[in-house]
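Below: the structure, in structure tokens.
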Amino acid sequence: MCGIVGYVGHEAAAPILLDSLRRLEYRGYDSAGLAVHSQGRIQILRTVGKLRNLENALAEKGLPGSVGIGHTRWATHGRPSEVNAHPHVAGPIAVVHNGIIENHLQLRSQLEASGVTMSSDTDTEIVSHLIHRESVGGHDLVTSVRKALAQVHGAYAIAVLSAAEPDRVVVAKKASPLVIGVTRQATYCASDIPALLPYTNEMVFMEDEELAVLEADGFSLSTLGGAALSRRPRRISWSPIMAEKAGFKHFMLKEIFEQPRALEDTLRGRLDRENGDVLTAEIGLNEDDARNIRRVILLACGTSHHATLAGRYWLEDLAKVPAITELASEFRGRDAIVGEGDLVIAVSQSGETIDTLMAAKAAKERGAKLLAIANVNGSAIPRMADASFYTHAGPEIGVASTKCFTAQLANLLMFSIWLGKRRGTLDAAQARELVEGLARVPNLIEERLKPSLDAISEMVREFSDARDVLFLGRGLSYPMALEGALKLKEISYVHAEGYAAGEMKHGPIALLDARVPVVVLMPRDRHYERVSSNLQEAKAREAKIIGITTAGDAEAQALCDAVVEVASTHEALSPFVTVVPLQLYAYCVADHKGTDVDQPRNLAKTVTVE
Ligand code: AGP
């Protein structure tokens, strides 16, 4: 986690760095800092807490100069404090870092044994001392960075200043993301695209074990070993306005309301409504490949994992292919059996989550074919994959993922339809019905967004004091129940559990009483009757029932204490409509409680630590 930025140009660096950091604050927000070349030396400013504290300090003290680096932190080594905030300084060297130096304890002892005094608890400070030690040995900044990084194991994206070389920033990366932005007058770098969108759309994605020297009139790229590289910038189609709140109180609410548009963009050009098929060359498989897949393994973390759980149901149901889902962190941690004939689908909004990246890499190395489903173009997982099937949800800034989740569902369903057609398990009429239904989903969501928000914001007055909430669903509603519980936990800090409704009687029913609201997902599908029985079991324990029901379902509504109606859909499409009220429920509870909706405590948008 953490976000790093850099600027080399002719304008005042500090406001640009601060503005870019603001767009990266979702990556971490417990402290922040800047380093700028100023009047022959490097000046540093660091503050604890959110960026506004750094902004206030900058307004007070100023930081003149047109070359600098910045950082927003999510603590891994050392608590949030000013001394642990980046940049870290050693002599004339200042460093910002995103990642984890795995051998930091060993390096720390070596440095301390040689007389270095550390001033922080961080792993990053070690990097600044290593670079300093090399520069004292007579090397220029680039060589010092190379030699220092040769001693380091772990993940890093770093940006480095040296007082001796005031016209440049040196950057390098391994396993943590870093993108370079170019214009005619300036060169930028950042951990993620949105940080640079107000300045440029021309971006270069750095690969692992690469180093770049950024100067005002351009950049030079090489391997860490010193071999020169050449890479042309890519044009990024996202606009800066896409990363603004556009009148909404929070990014999360804006992104929930953007779902119809995000889905339209994701479906655009991919649905063949005439033939009831999915058109996509992007998935990188031919008809033979489709027939010969032995098994699909879906790897992801967090919300993306919940999307894969729905993906598994679709793959088995529509394409009759054995499919398993696994949390990427667990897949990595065991000796998973995977190899030729397996198709691994790695699903990640950011495309940078380290657990998903490493799990997918391990599977690919063992012979599996790797398909990435990601939202960030050119991010690490798609770069490593055999093929990439992007979601087109636009930048997602709220830490709680919403629009990218429904876009991931769309890609997984499209892929399942495509595969089912090729494997002969989905006939033309079924495929046409699904394709038609999917094309209508953006409208179905749009129509119910405002009424649902109104109903839910009223409802939360009664339920927002609950300490525990249970979410129940069967079939495709089960992963949505998991997602509803995760959303509520992460932004409102209310304890919530998602359960397969059939499991309730095997334990969680013991939790139920009049103080525990139970959210029951009960679209009119094949599970309806049994979910209805589970609802009655909860009701008999005096639990208050919030039903997510199909519009007009009077029978279900009579059983519930409160209801949010969703559009009637084909059974396979129900996740798209049932999850939206759960996102809104979490949002409204959090807003009612006054928590920091877009930047909940202890979380970060992109998790680049293991
Ligand atoms: C989503 O609300 C969470 N913040 C989190 O679980 C997230 O989905 C997870 O970290 C995976 O991220 P990715 O999709 O970028 O890989």
Side-chain angles (χ1 to χ4, degrees), residues 234-238 259-293 296 298 307-308 310-321 323 343-349 351 369-379 381-383 385-394 403-446 569-573 575-576:
R234 284 199 214 177
R235 176 153 268 278
I236 303 299
S237 60
W238 293 357
Q259 288 178 106
R261 203 265 316 134
L263 281 167
E264 266 166 19
D265 289 350
T266 297
L267 298 174
R268 184 168 297 119
R270 288 163 164 174
L271 295 183
D272 176 357
R273 295 176 74 169
E274 214 174 292
N275 298 304
D277 203 354
V278 170
L279 300 170
T280 175
E282 303 148 275
I283 55 178
L285 301 173
N286 60 31
E287 309 265 325
D288 277 349
D289 294 332
R291 281 186 287 272
N292 293 333
I293 293 171
V296 179
L298 298 137
T308 66
R312 174 186 168 201
Y313 283 41
W314 285 322
L315 283 164
E316 294 196 338
D317 205 19
L318 308 177
K320 306 288 179 234
V321 62
L343 172 70
V344 168
I345 307 183
V347 181
S348 170
Q349 178 282 129
K369 210 168 172 79
L370 178 61
L371 175 64
I373 293 183
N375 193 52
V376 179
N377 204 291
S379 51
I381 297 171
R383 287 206 306 274
D386 296 302
S388 300
F389 187 27
Y390 283 104
T391 53
H392 297 304
K403 63 175 180 172
C404 286
F405 176 69
T406 41
Q408 289 169 345
L409 292 178
N411 276 22
L412 287 162
L413 179 53
M414 281 192 282
F415 179 69
S416 305
I417 297 171
W418 180 87
L419 200 57
K421 289 268 304 194
R422 267 90 213 143
R423 291 169 74 91
T425 53
L426 197 58
D427 68 34
Q430 290 170 309
R432 184 166 293 114
E433 195 185 355
L434 282 168
V435 167
E436 276 304 317
L438 190 50
R440 281 197 299 273
V441 161
N443 274 343
L444 296 182
I445 293 178
E446 178 87 62
T569 60
H570 184 295
E571 177 169 334
L573 301 169
F576 294 97

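- A donor-acceptor contact shorter than 3.5 Å links the side chain of K403 to the backbone of A393.
- The shortest side-chain heavy-atom distance between L438 and L573 falls under the 4.5 Å cut-off.
- To the nearest 0.5 Å, atom CH2 of residue W314 and atom CG of residue L434 are 10.0 Å apart.
- Separating the OG atom in S388 from the CD1 atom in I283 is a distance of 12.0 Å, to the nearest 0.5 Å.
- The two residues G351 and A374 have their closest heavy-atom pair at CA-CB, 4.2 Å.
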Using salt bridge (charged side-chain N to carboxylate O under 4.0 Å, His left out), reason through R261 and E446 one step at a time and then give a plain yes or no.
CA-CA 9 Å; R261 203 265 316 134; E446 178 87 62; over 6 Å; no
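- A heavy-atom distance below 4.5 Å is found between the side chains of L298 and R312.
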H392 and E264: CA distance, side-chain angles, deciding distance, side-chain contact (heavy atoms from CB on, under 4.5 Å) verdict:
CA-CA 9 Å; H392 297 304; E264 266 166 19; over 6 Å; no
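- With rounding to the nearest 0.5 Å, the separation of CD in Q408 from CD1 in I345 is 12.0 Å.
- Formation of a donor-acceptor pair under 3.5 Å by the D386 side chain with backbone atoms of L370 is found in this model.
- Going from atom CG of N375 over to atom OG of S348 covers 9.5 Å, rounded to the nearest 0.5 Å.
- The backbone N or O of R423 sits nowhere less than 3.5 Å from a side-chain atom of R291 that would complete a donor-acceptor pair.
- Applying the side chain to side chain donor-acceptor pair (under 3.5 Å) test to R440 and every residue at least two apart in sequence or in another chain returns nothing.
- Considering only residues two or more places apart in sequence or on other chains, D272 meets the side chain to side chain donor-acceptor pair (under 3.5 Å) condition with N275.
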Residues 411-421 side chain polar contacts: donor-acceptor under 3.5 Å, at least two apart:
residue	atom	partner	partner atom	Å
N411	ND2	F389	O	3.1
N411	ND2	Y390	O	3.0
S416	OG	L412	O	2.8
K421	NZ	G276	O	3.4

Audit row: L426, K320, side-chain contact (heavy atoms from CB on, under 4.5 Å) steps and yes/no:
CA-CA 9 Å; L426 197 58; K320 306 288 179 234; over 6 Å; no
From CA spacing to verdict: side-chain contact (heavy atoms from CB on, under 4.5 Å), I293, L285:
CA-CA 10 Å; I293 293 171; L285 301 173; 4.0 Å; yes
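- One N or O on the side chain of N292 and one on the backbone of D288 form a donor-acceptor pair closer than 3.5 Å.
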Please report the C-alpha distance between V321 and E316 in whole Å, then the side-chain angles of each, then the deciding distance to 0.1 Å, and finally whether the side-chain contact (heavy atoms from CB on, under 4.5 Å) criterion is met.
CA-CA 5 Å; V321 62; E316 294 196 338; 5.9 Å; no
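- A pairwise comparison of heavy atoms in L263 and A410 identifies CD2-CB, 3.7 Å as the closest pair.
- Contact of the V376 side chain with the Q349 side chain is registered, since non-hydrogen atoms from C-beta on lie closer than 4.5 Å.
- Listed by chain and number, the residues in a side chain to side chain donor-acceptor pair (under 3.5 Å) with T266 amount to none (sequence neighbours excluded).
- Every residue two or more places apart in sequence or in another chain that forms a side chain to side chain donor-acceptor pair (under 3.5 Å) with E287 is listed here: R422.
- Looking only at side-chain heavy atoms (C-beta outward), P442 and L267 come within less than 4.5 Å of each other.
- T406 and Q259 share a donor-acceptor pair across their side chains, judged by distance under 3.5 Å alone.
- Within the structure, the side chain to side chain donor-acceptor pair (under 3.5 Å) test picks out the following pairs touching residues 425-438 (sequence neighbours left out): R273-E436.
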